[in-house]
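Working notes for the structure below.
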Amino acid sequence: MKISKQISYFCVLTVILIACHRNIEDEFTTVTPDELYSLFSFDTQKDVYENLQLLNSFSTEKQYHVNRKTIVVSNCIPDNIDASQGRFSLTVTGTVNYTPFQEILNFKGFKIETPDERNKNEDEKNESDDKRNESENESGNSEDAQTASHTITKEELKSIFIFDTNQTVTVVLADLEQFNGEKHINGKSIFIDKIIVQQQDTQSGTFTLLVTGNVNGQKDFEETLDFAGFALEKKEEPVNKPTDYNMTKRASIQIAHDKNIYESNFDTFYRENNSDEFALQLKDFITISSSNNDGIPYAYTQDDMQNTLLTDIRYDYRDKKLCLKVKYKNDISPELYIPFDCNEYYKTFVTVNQSEARKYYQSGILHYLEEIGDGGYLFSKLLIARTGFLVQYQSASAFSLNNS
């Protein structure tokens, strides 16, 4: 009898402990509306649209600690937006102590602006609004009101799209489907059926969306919405990219394989002494390589070239080469060079006057040129120099005598 009483006591105690454990577990894996309300700090002195825009800075990665619970909000989707009544609701999803939850929160008491007051402060008005204002008269007021009930402004549409600006463009655009479907704004049923990314720039943190749908199942719309201010994506550096120091100290330069160096404007530098302009242009005709101490070659990318300057440019006439230094960020290379024959360059300034040359026998021309030496008449007839340049003509025999 005593044993049976102990067993019964043990069973009752076990049931009580399990129930207590479940209650404790439920308490720490659920979140109450009041606990969620405490996470949002809206300003009732501002209207609904301004407060919804504040949600863009609400971090979806931050951990909030409320009543010994860890709450992370992953999404806030607005609905039942009514600017004329100063209220809206949010469907909030996330985790509490790593357990998923979803809750609808209702907010009210925000500043109320009449449509006229709101239109005065809008920088951009919907085209249909402009047409209504221009054509508005006493007899057309009821028709305009009916038209307004089936249109949506950019301000109304943009209030649906809440993104976390702490995230990058790539991250926020990966979850656009959450905004599809039916929403309710200012007494209108807005159905979004397609969202197209028209433009995105991960380096400037901007993107543009083309949104299509209908209002109250009757009026189709198509709006372009611009978004900015998102976190910039960090560029991943190649694993073999040299240090900034080695980018210059171990640099080498080559003429780009698909470029003709004699198409550069060398004359701007050589004759007009404009080295800055020539340095900018020369970057398009060369490639720069470097390496770390392991010797693995690394070619400068377009982004690297934006951080690169060509300095101390000079021309070595005797060795026929262009000498220069490469400056990458704050480091400068030793003097480097590429082969360059200025005579070959300036030959491109002179072309054969084919219409004049065909008037003569070739042997007669050569004989005549040998005899007259520097006589320039026939040269000037047969050769055409680039406009603005004076060319001194010299026969092969005269050149040989002068250099013997």
Side-chain angles (χ1 to χ4, degrees), residues 12-113 156-168 171-172 174-192 227 229-231:
V12 172
L13 182 61
T14 301
V15 170
I16 294 173
L17 289 174
I18 292 174
C20 291
H21 176 73
R22 286 179 177 175
N23 288 336
I24 293 173
E25 185 178 2
D26 289 343
E27 180 183 352
F28 285 97
T29 57
T30 59
V31 62
T32 67
D34 287 339
E35 288 171 337
L36 288 178
Y37 279 121
S38 69
L39 305 182
F40 298 93
S41 299
F42 291 118
D43 187 351
T44 56
Q45 299 302 310
K46 296 179 179 180
D47 65 17
V48 164
Y49 300 117
E50 289 177 295
N51 277 282
L52 287 174
Q53 291 306 308
L54 293 176
L55 287 173
N56 287 316
S57 59
F58 191 90
S59 175
T60 56
E61 292 184 343
K62 182 177 178 180
Q63 292 185 341
Y64 296 90
H65 300 282
V66 181
N67 296 335
R68 293 181 294 170
K69 301 175 186 178
T70 300
I71 302 172
V72 176
V73 175
S74 57
N75 278 313
C76 297
I77 308 298
D79 200 0
N80 300 314
I81 300 169
D82 193 339
S84 64
Q85 298 296 320
R87 64 191 182 194
F88 62 85
S89 65
L90 290 179
T91 299
V92 182
T93 57
T95 60
V96 51
N97 291 343
Y98 307 102
T99 301
F101 74 85
Q102 178 173 302
E103 190 75 38
I104 296 177
L105 304 180
N106 297 306
F107 297 89
K108 60 183 180 179
F110 299 103
K111 179 182 177 182
I112 297 174
E113 287 187 356
E156 290 174 323
L157 189 58
K158 202 167 185 177
S159 66
I160 299 173
F161 292 88
I162 302 302
F163 299 107
D164 181 0
T165 54
N166 299 293
Q167 302 282 7
T168 64
V171 171
V172 298
D175 198 21
L176 286 178
E177 291 186 359
Q178 62 178 313
F179 300 107
N180 284 330
E182 188 177 13
K183 311 292 178 184
H184 301 88
I185 305 177
N186 298 332
K188 296 176 274 192
S189 175
I190 312 299
F191 187 84
I192 297 176
F227 298 88
F230 294 88

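The chain is numbered in sequence order, starting from 1.
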message: Please evaluate residues Thr99 and Asn97 with respect to the criterion side-chain hydrogen bond (donor to acceptor under 3.5 Å, both in side chains), reporting the C-alpha separation (whole Å), side-chain torsions for both, the decisive distance (0.1 Å), and the verdict.
response: CA-CA 6 Å; Thr99 301; Asn97 291 343; over 6 Å; no
- prompt: Okay, side chain of Asn51, backbone of Asp43: is any donor-acceptor separation there less than 3.5 Å?
  reply: yes
field: Nearest heavy-atom neighbours spanning Ala83 and Ile112
entry: O-CG2, 4.0 Å
query: With sequence neighbours excluded, what pairs up with Tyr64 under the ring pair (Phe, Tyr, Trp, His ring centres under 6.0 Å) test?
result: Phe58
statement: Nearest heavy-atom approach of Thr95 to Phe101 is N-CE2, 3.3 Å
- prompt: Please walk me through it: do Glu177 and Asn180 pass side-chain hydrogen bond (donor to acceptor under 3.5 Å, both in side chains)?
  reply: CA-CA 5 Å; Glu177 291 186 359; Asn180 284 330; 5.9 Å; no
field: Main-chain N/O of Asp47 paired to Glu50 side chain as donor or acceptor, under 3.5 Å
entry: yes
message: So which atom in Asn186 and which in Glu156 form the shortest heavy-atom distance, rounded to 0.1 Å?
response: ND2-OE2, 2.7 Å
field: Contact check, side chains of Leu157 and Ile192, non-hydrogen atoms, under 4.5 Å
entry: yes
- line: Nearest heavy-atom contact between Leu36 and Glu103 is CD1-CB, 3.5 Å
query: According to the interplanar angle, ranging from 0 to 90°, do the rings of Phe107 and Phe110 count as parallel (below 30°), tilted (30 to 60°) or perpendicular (above 60°)?
result: tilted
task: With sequence neighbours excluded, tell me which residues meet side chain to side chain donor-acceptor pair (under 3.5 Å) with Thr32.
output: Glu35
field: Minimum heavy-atom distance between Ile185 and Ser159, given as atom pair plus value
entry: CD1-OG, 4.2 Å
message: I'd like to know if the side chain of Glu182 pairs up with that of Ser189 as donor and acceptor (distance under 3.5 Å, no hydrogens or angles considered).
response: yes
message: Tell me the closest heavy-atom pair linking Leu90 and Pro78, and the distance in Å.
response: CD2-CA, 3.8 Å
task: List in chain and number order the residues that pass side chain to side chain donor-acceptor pair (under 3.5 Å) with Asp79, two or more places apart in sequence or in another chain; answer none if no residue qualifies.
output: His184
